[in-house]
Asks: 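Below are the structure tokens for one structure; questions will follow.
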Amino acid sequence: MSDIVVAWSPDEYGRAALTHAVAEARLRGHGIVVVNATRGDALVDDRFASDDDLRGVRAGLDEAGLTYDVRQSVGADVGDQVLAVAAEVDADLIVLGLRRRTPVGKLIMGSVAQRILLGAHCPVLAVKPA
Amino acid sequence: MGDLDLLLNGLQSAATPENLMYAAIGVLLGTFVGVLPGIGPAMAVALLLPVTYSLEPTSAFIMFAGIYYGGMYGGSTTSILLNTPGESASVMTALEGNKMAKAGRAAQALATAAIGSFIAGTIGTLLVAFFAPKLAEFAVTIGAPSYFAILLFALVMTTTLLGSSKVRGFLALFLGLTIGLVGLDLNTGQARLSLGLAQLRDPLEIVAVAVGIFALGEAFWVAAHLRRKPLQVIPVGRPWMGREDWGRSWKPWLRGTAYGFPFGAIPAGGAEIPTFLSYVTERRLSRHSDEFGKGAIEGVAGPEAANNASAAGMFVPLLAMGIPVTATASVMLAALTSYGIQPGPQLMTEQSDLVWTLLASLLIGNTLLLVLNLPLAPLWAKLLRIPRPQLYAGILFFACLGAFAANQDAFDIFLLLVFGLLGLAMRRFGLPVLPLILGVILGPIMELKLREALTISDGDLSGLWSEPLGVAVYILTALVVVVPIVLKRVRPGMDTPAAEVAHARAEEESEQDDAKDEKRVQR
């Protein structure tokens with residue numbers, strides 16, 4: 001059975017993505033693979049979930065009664081890590097949260113969302129926090 | 001008292017707006033490098049050396065002193081919030097401090113560390129102002145043979161007492177001594193270890209060696225281990241303490257100071273032993289000894305005070321005798337020399353303005369640290385989010401710039417690279433860096449004294465033990481080496497700082513393993 005892959009981080013964007021992914025998974029009767037990735041090049045990364053965060057996600061997914069898998073990984077590019085998982089589980093859909101980026105931010109930083117949109121072999125659902 | 005007048009004069013000249021600015025820059029920069037594990041005050045001072053060539057020596061030293069104290073303080077922040085002690089001196093702080101932070105008492109842990117550092121630093125600096133002139137007066141009368149013996153003592157002490165392996169320590173020391181040999185022989189003018197290169201006929205540029213080992217070595221090491229699982233930083237607001245915390249902290253602060261200062265002041269090197277002693281004492285004396293291992297405030301207050309008191313104490317041998325016992329102090333000594341100031345017992349009299357302004361600025365820097373750091377703690381914690389590639393790119397840039405600026409010779413960049421690779425190799429094989437730097441800097445001074453002593457005795461080796469002080473120091477040195485070995489034989493299983501820490505860490509890890517097992521079961 002193919003799954004829905006969620007690019008998740010412990011913040012409002014991750015939460016929005018997860019909410020939509022859960023809704024979509026119920027609709028289709030699919031499982032969910034939650035991916036939490038980091039570049040691991042800073043001592044501290046707020047978007048890398050702590051054990052408490054992960055426990056919260058698992059509890060939420062248990063409650064929703066879905067089959068799920070939660071993965072954390074460290075690698076050169078966050079987008080590539082999500083794509084790798086999507087390819088591995090032969091995903092039907094990738095769900096990700098979009099954050100607002102300033103013009104200067106766009107100049108300096110890359111975009112995980114863009115990388116996933118361009119590289120994915122399946123439909124991508126991009127959501128914004130309410 | 002004359003010394004007090006001199007100190008007040010020093011305060012007056014240190015309190016100029018310009019010098020206050022350098023003190024503030026130093027303190028901020030020091031905290032910056034102290035917070036980030038891997039880069040420390042020694043690296044910062046080495047990187048800044050070339051920048052300060054155009055400054056007054058006094059201003060430069062005020063800044064260096066600020067970096068030194070700031071680095072100490074910053075290190076404690078990281079130990080408490082992240083449980084990654086940047087240096088051996090803050091290992092003990094991490095032990096209790098991180099537990100406190102995990103229990104939601106990070107603000108109190110940071111506060112007791114900051115205030116304890118301030119108190120210990122201030123008392124320590126006043127003690128330096130009291131002891132250093134006395135010691136210098138005495139040190140002027142010491143002859144070359146005894147001086148050589150004391151230098152040997154300092155090297156042996158720092159090498160054997162620090163770190164887990166004596167063999168590695170001595171290996172690093174001899175590497176350093178060898179590097180210190182490069183250049184022309186002072187008496188005969190023969191080129192030593194110059195490999196036929198004209199650039200190696202002069203002694204090696206100390207900036208190239210220090211920056212190579214500290215900055216490039218660390219950058220290579222980080223590049224080799226670029227991606228690591230991020231750590232969980234414990235969020236913290238503004239540090240503060242309640243009444244009970246004050247009550248439980250002030251005695252450990254004073255006891256820690258009493259442990260730390262003497263260990264810094266005798267050329268025995270390092271804050272590892274006094275912080276350990278302080279920790280053990282507090283655990284024994286505390287009325288809340290059951291809290292130890294779960295986050296007892298005494299276990300942060302004592303070691304942190306000991307750490308800073310020994311940091312202050314190290315100025316005694318540095319100023320009075322020209323003997324550095326920490327990496328930062330040895331780079332500072334190199335800085336003195338590059339300003340054309342001869343370090344040694346005569347420093348206190350010949351450069352008394354510099355010395356007293358420096359001591360006064362230590363007091364000012366300490367106060368600045370307290371004022372700046374208590375409200376800024378959350379900001380410092382943010383520094384940990386800087387990605388390594390950006391951070392180390394900046395460091396490499398300054399490193400190359402500094403090495404090139406000294407002589408404007410591309411050869412120095414090459415040297416920098418060579419020492420950077422040496423630094424990487426040392427980190428890879430677990431060689432401590434401090435003995436190497438001490439060897440490079442003290443080696444030539446030792447050689448000078450040795451030559452002097454041998455010239456006096458007309459080449460007769462017995463001239464080396466012709467002075468009673470020298471003989472006493474040799475005996476002490478021998479005891480330092482032999483006694484621990486004998487003790488180990490007689491009483492196996494005796495706790496050494498390293499063993500204690502390893503024990504505590506192992507316990508912690510087994511706890512984590514337990515937690516992991518639980519998780520597995522849940523799945």
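All chains are named by letter (A, B, ...) in the order of the sequence lines, taking the proteins before the strands, and each is independently numbered beginning at 1.
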Asks: Under 3.5 Å, is there a donor-acceptor pair between the side chain of Ser117(B) and the main chain of Ala113(B)?
Replies: yes

Asks: Is a side-chain N or O of Gln72(A) found less than 3.5 angstrom from the main chain of Asn36(A), in a donor-acceptor match?
Replies: no

Asks: Would you sort out whether Arg71(A) and Glu88(A) count as a salt bridge (charged side-chain N to carboxylate O under 4.0 Å, His left out), showing the intermediate values?
Replies: CA-CA 12 Å; Arg71(A) 302 188 186 188; Glu88(A) 184 199 319; 3.0 Å; yes

Asks: Can you say whether Leu36(B) sits under 4.5 Å from chain A via the side chain, the backbone, both, or neither, judging by heavy atoms?
Replies: neither

Asks: Do you know which of Leu28(B), Leu110(B), Leu81(B) makes side-chain contact (heavy atoms from CB on, under 4.5 Å) with Trp380(B)?
Replies: Leu28(B)

Asks: Just checking heavy atoms, which of residues 385-395 of chain B are less than 4.5 Å from chain A?
Replies: Arg385(B), Ile386(B), Pro387(B), Arg388(B), Pro389(B)

Asks: Looking only at heavy atoms, which of residues 75-87 of chain A get nearer than 4.5 Å to chain B?
Replies: Gly75(A), Ala76(A)

Asks: Verify whether one side chain among Thr275(B) and Asn307(B) offers a donor that lies under 3.5 Å from an acceptor in the other.
Replies: no

Asks: Could you check whether any side-chain N or O of Thr77(B) sits under 3.5 Å from a backbone N or O of Val35(B), counting only pairs where one atom can act as donor and the other as acceptor?
Replies: no

Asks: Could you tell me whether a side-chain N or O of Asp3(A) sits under 3.5 Å from a main-chain N or O of Gly31(A), the two making a donor and an acceptor?
Replies: yes

Asks: Under a plain distance cut-off of 3.5 Å, with no hydrogens placed, do Tyr68(A) and Asp62(A) share a side-chain donor-acceptor pair?
Replies: yes

Asks: Identify which one of Leu93(A), Ile4(A), Ile94(A), Asp92(A) satisfies the side-chain contact (heavy atoms from CB on, under 4.5 Å) criterion when paired with Cys122(A).
Replies: Ile94(A)

Asks: Under 4.5 Å from any heavy atom of chain B, what part of Ser50(A) do you find: side chain, backbone, both or neither?
Replies: both

Asks: Does Glu304(B) reach the main-chain N or O of Gly116(B) with its side chain, forming a donor-acceptor pair under 3.5 Å?
Replies: no

Asks: So do the side chains of Glu24(A) and Val95(A) get within less than 4.5 Å of each other, counting heavy atoms only?
Replies: no

Asks: With only heavy atoms counted, which part of Ala49(A) is less than 4.5 Å from chain B, the side chain, the backbone, both or neither?
Replies: backbone

